[in-house]
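Start at 1 with the first residue, then count along the sequence. These values consider heavy atoms only, across backbone and side chains, with no hydrogens, waters or symmetry-generated copies.
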Amino acid sequence: DVYKRQLNKLKEFSANQSKKKKEKNEKVVDEKKLAKVKETERLLRMSGMRTSYQNYNFARLAFSIIFSILAIGFAIILGGDIMMTVLIIFVGIVLAMFLPKFILKTRVSSHQQAIKSQLPDVLDLLSVCTSAGLSFDSALSKVIEKMEGPFIDELSTVFNQMQMGVPRNEAMNALSECTDIQELKTFVSAIVQANTLGIPITNVMSVQAKQLRDARRETAREKGNKAATKMALPIMLFIFPALFIVILGPVVMNVSGSLG
């Protein structure tokens, strides 16, 4: 009896340990899934796509299935060597798996670049509106009315959230979280700080607009300085050979004619 009780206790202990380990593994898996969902939702927000993770995941799976079927059909119709058929199918399946994520990241990059390009002009207009006596919300509404573009779409989302009762700081912080543009993060931080400390928004907008104008001017100057270096290789490869042919060609022909 004592031996049986000890054996039962050992079995219960082993079962409890297995259960705890299983629960821990499930928790780790759930955390990884949740992190993946949040990262995908962030990428969707940064790309300007107004869709949910579920809709994107459904579209991704549908694209992968259709692309794979097309790759298999193309390989069968093409015929030929079995190794070539397998290679085409393999490449098609790999592209079907990774192409949607690549397209999403490409769209994120282009959308963020468009926002960065539009940011100085929008802040200039916001600064003018606030200097004319408009409140930040009224200035935001006026800018959304007069301009269009990816950054205007983001500001429109912020304005709609504030109209629905979301605090200004919370709406602006949500805008900051969906971008990797440092200038925009600085602007949002300045607006939130001014709203918290009661600093006049006009002064903040003027300073931010001036800083962005200076930054854009400095970026243009840097690109201009780099242009000469970037043009050196094409000039050496394409222009100089043509010049040598035009200049030295007749001389070579005359010399060869006289020698002949």
Q: Evaluate the side-chain contact (heavy atoms from CB on, under 4.5 Å) criterion for residues Asn195 and Phe136: first the C-alpha distance (whole Å), next the side-chain angles of each, then the deciding distance (0.1 Å), finally the verdict.
A: CA-CA 10 Å; Asn195 191 45; Phe136 179 76; over 6 Å; no
To the closest 0.5 Å, what do you measure between [atom1] ([X]) and [atom2] ([Y])?
X	Y	atom1	atom2	answer
Ser109	Lys105	OG	NZ	11.5 Å
Lys116	Gln182	NZ	CD	9.5 Å
Leu123	Glu183	CG	CD	10.0 Å
Leu212	Asp121	CG	CG	10.0 Å
Thr40	Leu104	OG1	CG	7.5 Å
Ser47	Ile103	OG	CD1	12.0 Å

Is it the case that one hydrophobic cluster holds both [X] and [Y], taking links as side-chain heavy atoms less than 4.5 Å apart, direct or via other members?
X	Y	result
Val91	Phe63	yes
Ile181	Met46	no
Val128	Met205	no
Leu125	Leu119	yes
Leu87	Leu99	yes

Q | Stepwise side-chain contact (heavy atoms from CB on, under 4.5 Å) check, Thr106 with Ser110 | A | CA-CA 6 Å; Thr106 303; Ser110 61; 5.5 Å; no
If we only count heavy atoms from C-beta on, is the [X] to [Y] side-chain gap below 4.5 Å?
X	Y	result
Met97	Val94	no
Val204	Phe187	no
Ser138	Cys129	no

Side-chain donor or acceptor of [X] paired with backbone N/O of [Y] under 3.5 Å:
X	Y	answer
Ser189	Lys185	no
Thr157	Asp153	yes
Ser127	Ala209	no

Q: For the pair Thr130 and Leu126, evaluate side-chain contact (heavy atoms from CB on, under 4.5 Å) and give the outcome as yes or no after the intermediate values.
A: CA-CA 6 Å; Thr130 53; Leu126 275 174; 5.5 Å; no
Q.
Could you go through Leu184 and Phe151, starting from their C-alpha distance and side-chain angles, then the distance that decides it, and tell me whether this counts as side-chain contact (heavy atoms from CB on, under 4.5 Å)?
A. CA-CA 10 Å; Leu184 182 54; Phe151 187 42; 3.7 Å; yes
Contact summary for [X] and [Y], nearest pair of heavy atoms:
X	Y	answer
Val122	Leu155	CG1-CD1, 3.6 Å
Pro100	Leu95	CD-O, 4.1 Å
Asn173	Val188	N-CG1, 4.1 Å
Ala75	Ile89	CB-CG1, 3.7 Å
Arg45	Cys178	CG-CB, 3.2 Å
Val108	Leu43	CG2-O, 3.2 Å

Q. Are Arg168 and Asp137 close enough for a salt bridge, meaning some N to O gap below 4.0 Å?
A.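 Judged by the 4.0 Å cut-off on N to carboxylate O distance, Arg168 and Asp137 do form a salt bridge.
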Count the heavy atoms belonging to other residues, nucleotides or ligands that lie under 6.0 Å from [atom1] of [X], then report whether that count exceeds 12.
X	atom1	value
Phe90	CZ	no
Glu148	CD	no
Lys101	NZ	no

Q: With Thr179 as reference, evaluate Gln112, Arg42, His111, Glu154 under the side-chain hydrogen bond (donor to acceptor under 3.5 Å, both in side chains) test and give the passing residue.
A: Gln112
**Q.** Reference residue Ile152; test side chain to side chain contact (heavy atoms under 4.5 Å, CB included); the match among Glu145, Met147, Lys146
**A.** Met147
Q: Go through the steps for Phe102 and Phe98 under the test ring-ring contact (aromatic ring centres under 6.0 Å, His included), then give the verdict.
A: CA-CA 6 Å; Phe102 174 77; Phe98 292 101; over 10 Å; no
Q: Say whether Asn55 and Ser52, considering side chains only, have a donor N or O and an acceptor N or O under 3.5 Å apart.
A: yes
